[in-house]
Amino acid sequence: MTLETSPHFESAPSAADDAAAIVVRGLRKRYALGERSAGYRTLREALVSAAQWPVRSLGRRSAPRPEIWALDGIDLEIRRGEVFGLIGSNGAGKSTLLKVLSRITEPTEGRAEIHGRVGTLLEVGTGFHPELTGRENIFLSGAILGMRRGELAENFDAIVAFAEVEEFIDTPVKHYSSGMYLRLAFAVAAHLEPEILMVDEVLAVGDAAFQRKCLGKMEEIGTSGRTVVFVSHDMTAMSRLANRVALVERGRIETIGPPDEVIGHYLSRRETETDRLAERTDRLGDGVLKTVRLETLDGDDKAVGFVRSGDPLTLRVSFETSVQKLRAEDVVLDLRLTDAMGHPAVTFSTRFVGIDDAALGDRFALRCEIPGFNMAEETYGIDVWLNYRGGLSDFVVRAAEVQVVPGSFFDGAAPVKRKHGAALLEHRFAAETGSNR
C-alpha cells in the first residue's frame, strides 16, 4: 500500500522478518461538525460547491465550527494472518479507523504502516459505478486493487456464483437491489485475494443465508493466512471469527485481548441499561409489584452479557413492592426468551417448577438458576411477566438481553448453528447390526 504524497501512510516492505500486517502509531482524526466529507467528488459536485461557497460563507467567516476527535490517539499492531475484530458503541470511531486504514480518508495526526494489498468492503457497493454492469464493476474493482486481468478472469465465475447474480451480471448495477449490491461487493472483495481484507458491518445487511455465507468466507480467508480486520455488532460472529478483539470507545482503544474477555467486558456495560429498567413506562400491570433490575450471571455469580451454550446461567430479577408481609407463594414469575422477531423461544416459570415459600420484604429478588443453558447462538430478549395473587402486576417486553455464543453443550462436536433451531437437546445415536426393522 503506497501513498507517496502523504506523511501519514507508509508502505513497508513485506519482509518475512516483519510479522505485522498493520502498525498504527498516534493516529488521530478530527472533524469539524457540519463539515462535508473530504473524499473524492464528481465534477458536478465540485461546480455546485463552488457556486454555493459565497452564500455559505456569508456571516460565517469569524464563527469557528465545533470540532470532534473521531480518533484520539490510536496505537495498534495487527499481525499477519490474524482475524482482528473491532467492537464498541455507535460513534465510537470503529468505522473511521477502517476508513483511515483503507486510505478513504487521511488522519489529522499520526501514521499507519500497511504491509500488503488491501481489499475493503466498508459500505454497500463502495467503489462500484452505477452505470456499469456487474461484469464491468468486477473488473474495475479488481483493477483498483491491482489485480491483473488474467487473475480477474480466473476468479470471475467464483465471484458471480457467490454473489448469486448470474442472471443480472450484464445489467447496470444501478438496477440492483441493495441485497444484490451487497452480495456482489462482498464477493469481489473476498475473492480477489487481498492480503488484508477490511469489512465494516457486512453482517448487518442481507438475509440470514447470505450472512452465513459471509461468515463462512471470512473464516476461510482467516484460515488461509491472510489478515482480516472487521467491525461488527454481532458478538456471536465476533466470538466465532476473531483471534483478538479491540474495544473502541470515544476514539480510543480501551482494551485489546481474547474475544471472550473483551466481549464480556463490553456487554457487561449493559448493567447500566438494566439500572434504568425501573424507569421504563412501556409496561403493563397494576404495579403492585415492579421489576427494577434483571441481571444475567455466570457460574461464578458474575454479571455477564453473553453465555456459551451448555454453560450455567442465572437470571436474577429484582423487585419493589408496597405489599406488607409478602410471601413468595403469592408471586408467579415468567421469564420468556424471545428471538430477534419477538417469537418465544423458551420460558422459565415458577408455574412449572414452583418456588420455595419465604417471607419477602419491600425489596427482594428471585433467582432462576439454569445448570446448562441449552440455547443455540442468538441474541435473545428476556420478557418479564409478574403476577401477584392471580392478577397481572408487571409485564415488561425485552427487559434485558442475553447473547448466546457456541459452546460445549455437545462436548466440542460440530458447532450448532441457529438454523438448526433454538433449543439444544441431549441425544445419542446407536448402531444396530443385523436388523432391518
Side-chain angles (χ1 to χ4, degrees), residues 1-4 6 8-25 27 74-86 94-95 97-107 110-123 126-128 137-156 158-159 162-163 184-203 213-232 237-238 241-246 256:
M1 178 175 181
T2 305
L3 189 61
E4 295 85 350
S6 172
H8 301 293
F9 294 94
E10 181 176 329
S11 178
S14 56
D17 61 347
D18 190 351
I22 298 172
V23 179
V24 176
R25 292 288 180 262
L27 209 61
I74 299 288
D75 291 307
L76 179 65
E77 289 191 16
I78 300 174
R79 298 186 291 268
R80 294 181 187 277
E82 186 173 25
V83 179
F84 192 88
L86 295 169
K94 309 180 299 296
S95 297
L97 178 57
L98 282 194
K99 288 180 179 179
V100 169
L101 295 180
S102 302
R103 288 172 45 196
I104 292 175
T105 185
E106 280 202 10
R111 61 188 296 103
E113 296 178 7
I114 312 296
H115 300 248
R117 184 169 56 196
V118 176
T120 63
L121 181 56
L122 305 187
E123 295 175 3
T126 297
F128 280 10
N137 272 299
I138 290 175
F139 283 91
L140 174 63
S141 297
I144 292 172
L145 286 174
M147 302 290 289
R148 294 189 298 274
R149 188 172 182 84
E151 294 177 275
L152 290 167
E154 184 178 341
N155 286 280
F156 182 83
I159 292 171
F162 186 95
L184 187 58
F186 183 88
V188 171
H191 284 82
L192 296 185
E193 300 185 354
E195 294 164 286
I196 302 171
L197 176 63
M198 298 189 187
V199 183
D200 188 359
E201 283 295 4
V202 67
L203 301 177
K213 184 184 283 191
C214 289
L215 278 172
K217 188 62 181 178
M218 289 172 67
E219 281 186 311
E220 177 187 324
I221 292 172
T223 57
S224 69
R226 288 179 281 166
T227 305
V228 179
V229 184
F230 77 107
V231 168
S232 181
M238 191 65 66
L241 291 175
N243 305 124
R244 284 194 303 154
V245 172
I256 299 177

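All figures in this text were calculated on a predicted structure; none of them were measured in a lab.
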Practice task
Decide yes or no on side-chain contact (heavy atoms from CB on, under 4.5 Å) for F230 and L86, but give the supporting numbers first.
Solution key: CA-CA 6 Å; F230 77 107; L86 295 169; over 6 Å; no
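With sequence neighbours excluded, the residues forming a ring-ring contact (aromatic ring centres under 6.0 Å, His included) with F162 are F186, H191, listed by chain and number. Under the rule for a salt bridge (Lys or Arg N to Asp or Glu O under 4.0 Å), E154 has no partner lying at least two apart in sequence or in another chain. Residues satisfying the side-chain contact (heavy atoms from CB on, under 4.5 Å) test with D75, not counting sequence neighbours, are R25. Every residue two or more places apart in sequence or in another chain that forms a side-chain contact (heavy atoms from CB on, under 4.5 Å) with I256 is listed here: L76, F84, R244, A246, I253. For S224, the side chain to side chain donor-acceptor pair (under 3.5 Å) partners are R226, not counting sequence neighbours.
Side-chain contact check for V245 versus M238: some heavy-atom pair is nearer than 4.5 Å.
Remark: side-chain polar atoms of T227 are not paired, donor with acceptor, to backbone N or O of A21 under 3.5 angstrom. Between the side chain of D200 and the backbone N or O of S95 there is no donor-acceptor pair closer than 3.5 Å. The backbone N or O of R117 lies less than 3.5 Å from a partner atom in the side chain of E195, making a donor-acceptor pair.
A side-chain contact (heavy atoms from CB on, under 4.5 Å) with M198 holds for exactly one of L97, V118, V231, I104; it is V118.
Of all non-hydrogen atoms in G85 and A242, the two that sit nearest each other are N-CB, 4.1 Å.
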